[in-house]
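What follows is one structure encoded as structure tokens, with my remarks underneath.
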Amino acid sequence: MRRKILYLHHTPFFRGSATSLYLLIKELDRSKYDASMLLTEDGAARQAFEGIGLPVRICKVPMAWEAPSPPWWHPNRIRNRLAFTASPKFLRILE
């Protein structure tokens with residue numbers, strides 16, 4: 001039985017972190033894992049992940065941070081707290 005993996009990536013751009021994730025997923029043993037991707041926005045990252053056969057879904061959620069950082073992580077900023085609140089659409093995807 002293949003284990004399910006849902007990757008979540010925070011940006012639509014295909015740059016550093018997306019490239020690293022892409023290279024990891026590209027080498028994933030598909031006979032053991034059933035992977036899919038959840039992006040917060042549509043963009044170049046979607047095309048890259050779909051290009052290696054990964055199912056991709058879009059679920060718009062508030063961004064958890066902004067560049068440059070820190071202080072994006074500061075607990076008093078309401079924007080950061082809301083970013084970790086699950087939306088109904090996100091919960092349906094997890095099901």
Check the hydrophobic clustering (I, L, V, M, F, W, Y; side-chain heavy atoms under 4.5 Å; chains of links allowed) and say if Val56 and Leu6 are grouped together.
no
According to a 4.5 Å side-chain heavy-atom criterion applied to Ile, Leu, Val, Met, Phe, Trp and Tyr, with indirect links allowed, do Ile58 and Leu38 form part of one hydrophobic cluster?
no
Going by heavy atoms in the side chains, are Gln47 and Asp42 under 4.5 Å from each other?
yes
Can you tell me how far NE2 of His9 sits from OG1 of Thr40, rounded to the nearest 0.5 angstrom?
8.0 Å
If you group Ile, Leu, Val, Met, Phe, Trp and Tyr by side-chain heavy-atom gaps below 4.5 Å, do Leu23 and Ile5 land in one group?
yes
Pro55 and Ala35 have their tightest heavy-atom pair at CD-O, 3.4 Å
Taking atom OG1 of Thr11 and atom CD of Glu41, what is their separation to the nearest 0.5 Å?
7.0 Å
For residues Leu21 and Leu8: do they belong to one hydrophobic cluster (side chain heavy atoms under 4.5 Å, members Ile, Leu, Val, Met, Phe, Trp, Tyr)?
no
What residues, two or more places apart in sequence or in another chain, satisfy side chain to side chain contact (heavy atoms under 4.5 Å, CB included) together with Ala48?
Phe14, Tyr22
Nearest heavy-atom approach of Arg2 to Ser31 is CG-O, 3.1 Å
Ser17 side chain near His10 side chain, heavy-atom distance below 4.5 Å
yes
Mind checking salt bridge (Lys or Arg N to Asp or Glu O under 4.0 Å) for Arg30 and listing every partner two or more places apart, or none if nothing turns up?
none
Could you give the distance from CG (Leu24) to OH (Tyr7), rounded to the nearest 0.5 Å?
5.0 Å
Could you pull out all residues at least two apart from Ser20 that satisfy side chain to side chain donor-acceptor pair (under 3.5 Å)?
none
Quick one: does Ile25's side chain get under 4.5 Å of Met37's, heavy atoms only?
yes
